*Asks:* 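Below you will find the structure I want to go over with you.
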Amino acid sequence: MDLRGRRALVTGASSGIGVSFAKQLAKSGASIVLTARRKERLEALAEQIRKEHGVTVEVVACDLGKPDGAKALWDATEGKGTQIDVLINNAGFGTKQPFVEQSWDKTFEELQLNLVSLTELTKRFSQVMVKRKSGHILNVASVGAYLPTPSMASYGAGKAYVRNFTEGLAYELSGTGVRACCLCPGATESEFADTAGLKLASWKKLAYMSADRCASIGLSALFRGRRNIVSGFWNSVGMFSLRFVPRPIAAWLAATFL
Ligand SMILES: NC(=O)c1ccc[n+]([C@@H]2O[C@H](COP(=O)([O-])OP(=O)(O)OC[C@H]3O[C@@H](n4cnc5c(N)ncnc54)[C@H](OP(=O)(O)O)[C@@H]3O)[C@@H](O)[C@H]2O)c1
């Protein structure tokens, strides 16, 4: 990837896979806009990237779990003339808890962040990208998009939306000069498990992929023109195999091994 002269916006850039996206895009020469809620973390990462890669890095603190978050991020970037050539919709979280026990506020925040803000950002930025006949959008879903996920029911369903939405959009965008791709990570080293309240047995941790590897798979797929990619060989085999598994058994597998 030679991204000199381009600018990338990375959501969820204060930890995990988002940090890796930002570093790898900067390494390819792109200027970067980092966004998440934890501003100090973003400032520290911005400083590190400037030193290591000599590119321009801006920080926009923003809460995309709120209904006005995506508009605020737009206003702070394209809306004021800061052209975004690569949009990485990475911010997201899940909570391991039975649906009926979770407060509506928490479920709303999750859907707002994982689906609604992602869709609004994709809408706003894709419209100007199509006018410019150039742009790349990577939406981060999950292997949870491939099956029902008991105890994270709305999370997995939301990620299925992200996958179908992105693949449909990618088809629509054929011939416009704009590309969209969905990355479906499997278990990846980040703060995701802690935030979700997942209690991981040590054998499960052995199966985790590094955030760097996951981000690299996503960026490579995006710039090669893929519409969807599952991170890693074994995750891909697993998701392919699910085609032949009855849905109730898939739900049992997710309930047992998540
Ligand atoms: N790690 C995995 O095993 C895994 C597997 C499948 C899919 N994924 C997906 O990968 C993506 C990245 O997650 P990760 O694994 O890197 O987890 P992470 O380390 O917890 O990072 C999540 C990022 O999202 C940001 N975020 C959370 N709530 C936000 C809000 N309301 N507004 C704005 N930003 C918010 C966080 O920043 P602040 O807290 O500073 O706002 C953080 O930067 C997510 O979409 C996740 O669903 C992860």
Side-chain angles (χ1 to χ4, degrees), residues 1-14 17-37 39 41-43 45-46 49-50 53-66 68-92 112-141 162 165-166 169-170 172-174 176-183 215-216 218-227:
M1 297 179 295
D2 182 0
L3 297 177
R4 282 172 296 181
R6 307 282 181 87
R7 187 181 290 105
L9 169 59
V10 182
T11 74
S14 62
I17 307 169
V19 171
S20 300
F21 278 130
K23 287 182 176 175
Q24 289 173 26
L25 288 159
K27 193 174 177 191
S28 301
S31 300
I32 308 290
V33 181
L34 305 171
T35 186
R37 291 167 303 178
K39 194 171 184 188
R41 285 210 188 189
L42 298 175
E43 297 285 9
L45 176 63
I49 292 177
R50 283 183 203 113
H53 303 294
V55 298
T56 306
V57 188
E58 289 169 61
V59 164
V60 179
C62 183
D63 188 346
L64 295 171
K66 299 241 159 70
D68 54 359
K71 167 79 164 50
L73 182 55
W74 164 268
D75 288 343
T77 53
E78 277 274 358
K80 68 173 180 64
T82 304
Q83 181 173 319
I84 300 298
D85 306 290
V86 182
L87 170 64
I88 312 289
N89 274 316
N90 162 74
Q112 180 68 45
L113 176 66
N114 295 4
L115 276 71
V116 182
S117 289
L118 175 144
T119 306
E120 184 176 345
L121 291 172
T122 303
K123 166 87 76 185
R124 290 180 179 278
F125 287 95
S126 65
Q127 286 176 333
V128 289
M129 285 175 178
V130 166
K131 277 190 193 140
R132 289 197 288 262
K133 298 187 173 57
S134 166
H136 289 83
I137 300 171
L138 183 67
N139 289 337
V140 179
V162 173
F165 163 63
T166 309
L169 174 69
E172 283 182 27
L173 290 173
S174 305
T176 65
V178 182
R179 284 177 176 174
C181 174
C182 180
L183 167 64
S216 148
L219 291 176
S220 161
L222 174 66
F223 289 102
R224 276 186 290 120
R226 292 279 303 263
R227 292 178 184 168

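Since this is a predicted model, take the numbers as computed values, not measurements. Positions are given from 1, in the same order as the sequence printed here.
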*Asks:* In sequence, state the C-alpha distance, the side-chain angles, and the governing distance for Leu219 and Val86, and then conclude on side-chain contact (heavy atoms from CB on, under 4.5 Å).
*Replies:* CA-CA 10 Å; Leu219 291 176; Val86 182; 5.5 Å; no
*Asks:* Is there a side-chain contact between Val128 and Trp74, using heavy atoms and a 4.5 Å cut-off?
*Replies:* yes
*Asks:* Using 0.5 Å steps for rounding, measure from the CG atom of Leu87 to the CZ atom of Arg124.
*Replies:* 12.5 Å
*Asks:* Keeping Thr35 on the side-chain end and Val60 on the backbone end, is there a donor-acceptor pair under 3.5 Å?
*Replies:* yes
*Asks:* Which one of Val33, Leu34, Asn90, Leu118 satisfies the side-chain contact (heavy atoms from CB on, under 4.5 Å) criterion with Thr11?
*Replies:* Asn90
*Asks:* Within the structure provided, determine whether Ile49 and Val55 are in side-chain contact (heavy-atom separation under 4.5 Å).
*Replies:* yes
*Asks:* Could you pull out the closest heavy-atom pair between Ile88 and Leu222, with the gap in Å?
*Replies:* CD1-CD2, 4.4 Å
*Asks:* If you define the side chain from C-beta out and look only at heavy atoms, does anything of Asn139 sit under 4.5 Å from Cys181?
*Replies:* no
*Asks:* Find out whether Lys71 and Ser117 are in side-chain contact, i.e. whether some heavy atom of one side chain is under 4.5 Å from a heavy atom of the other.
*Replies:* no
*Asks:* Just so I know, are the side chains of Val162 and Thr119 near enough to count as touching, which here means a heavy-atom distance under 4.5 Å?
*Replies:* no
*Asks:* Is there a donor-acceptor contact under 3.5 Å from the side chain of Asp75 to the main chain of Thr77?
*Replies:* no
*Asks:* Using atom types as modelled and distance alone, determine if a side-chain donor or acceptor of Arg50 lies under 3.5 Å from a backbone N or O of Val57.
*Replies:* yes
*Asks:* On the 0 to 90° scale, with breaks at 30° and 60°, tag the Phe223-His136 ring pair as parallel, tilted or perpendicular.
*Replies:* tilted
*Asks:* Leu115: which residues meet the side-chain contact (heavy atoms from CB on, under 4.5 Å) condition with it, sequence neighbours left out?
*Replies:* Leu111, Tyr161
*Asks:* How many angstroms lie between CG in Leu9 and CD1 in Ile84, if you round to the nearest 0.5 Å?
*Replies:* 5.0 Å
*Asks:* Applying the salt bridge (Lys or Arg N to Asp or Glu O under 4.0 Å) criterion to Glu78, which one of Arg132, Lys131, Arg7 satisfies it?
*Replies:* Arg132
*Asks:* So, for Gly18 and Val10, which heavy atoms are closest and what is the spacing to 0.1 Å?
*Replies:* O-CG1, 3.6 Å
*Asks:* To the nearest 0.5 Å, tell me how far Arg179 CZ sits from Ser126 OG.
*Replies:* 16.0 Å
*Asks:* Quick check for you: to the nearest 0.5 Å, what is the distance between Thr122 atom OG1 and Glu120 atom CD?
*Replies:* 10.0 Å
*Asks:* Considering all heavy atoms of both residues, which atom of Arg37 and which atom of Ala61 are nearest to each other, and what is their separation?
*Replies:* O-CB, 4.2 Å
*Asks:* Taking only Lys NZ, Arg NE, NH1 and NH2, and the carboxylate oxygens of Asp or Glu, determine whether Asp63 and Lys66 approach each other closer than 4.0 Å.
*Replies:* yes
*Asks:* Just verifying a value: how many Å separate Gln83 CD and Met129 CE, rounded to the nearest 0.5 Å?
*Replies:* 8.5 Å
*Asks:* Could you check whether any side-chain heavy atom of Thr82 comes within less than 4.5 Å of a side-chain heavy atom of Glu58, counting everything from C-beta outward?
*Replies:* yes
*Asks:* Let's go through Leu45 and Val19 carefully: what are the C-alpha distance in whole Å and the side-chain angles of both, what is the deciding distance for side-chain contact (heavy atoms from CB on, under 4.5 Å) to 0.1 Å, and is it a yes or a no?
*Replies:* CA-CA 8 Å; Leu45 176 63; Val19 171; 3.8 Å; yes
*Asks:* What distance do Ser14 atom OG and Leu42 atom CG have between them, rounded to the nearest 0.5 Å?
*Replies:* 5.5 Å
*Asks:* Closest approach of Gly12 and Ala36, non-hydrogen atoms and distance?
*Replies:* CA-CB, 4.4 Å
*Asks:* Side chains of Ser134 and Asp85 only: does a donor on one sit below 3.5 Å from an acceptor on the other?
*Replies:* no
*Asks:* For Leu113, which residues count as a side-chain contact (heavy atoms from CB on, under 4.5 Å) partner, sequence neighbours excluded?
*Replies:* Leu64, Ala91, Phe93
*Asks:* Tell me, please, which residues at least two apart from Ala215 pass side-chain contact (heavy atoms from CB on, under 4.5 Å).
*Replies:* Ile17, Ser20, Phe21, Gln24
*Asks:* So, do Asn89 and Leu138 sit near enough that their side-chain heavy atoms are less than 4.5 Å apart?
*Replies:* no
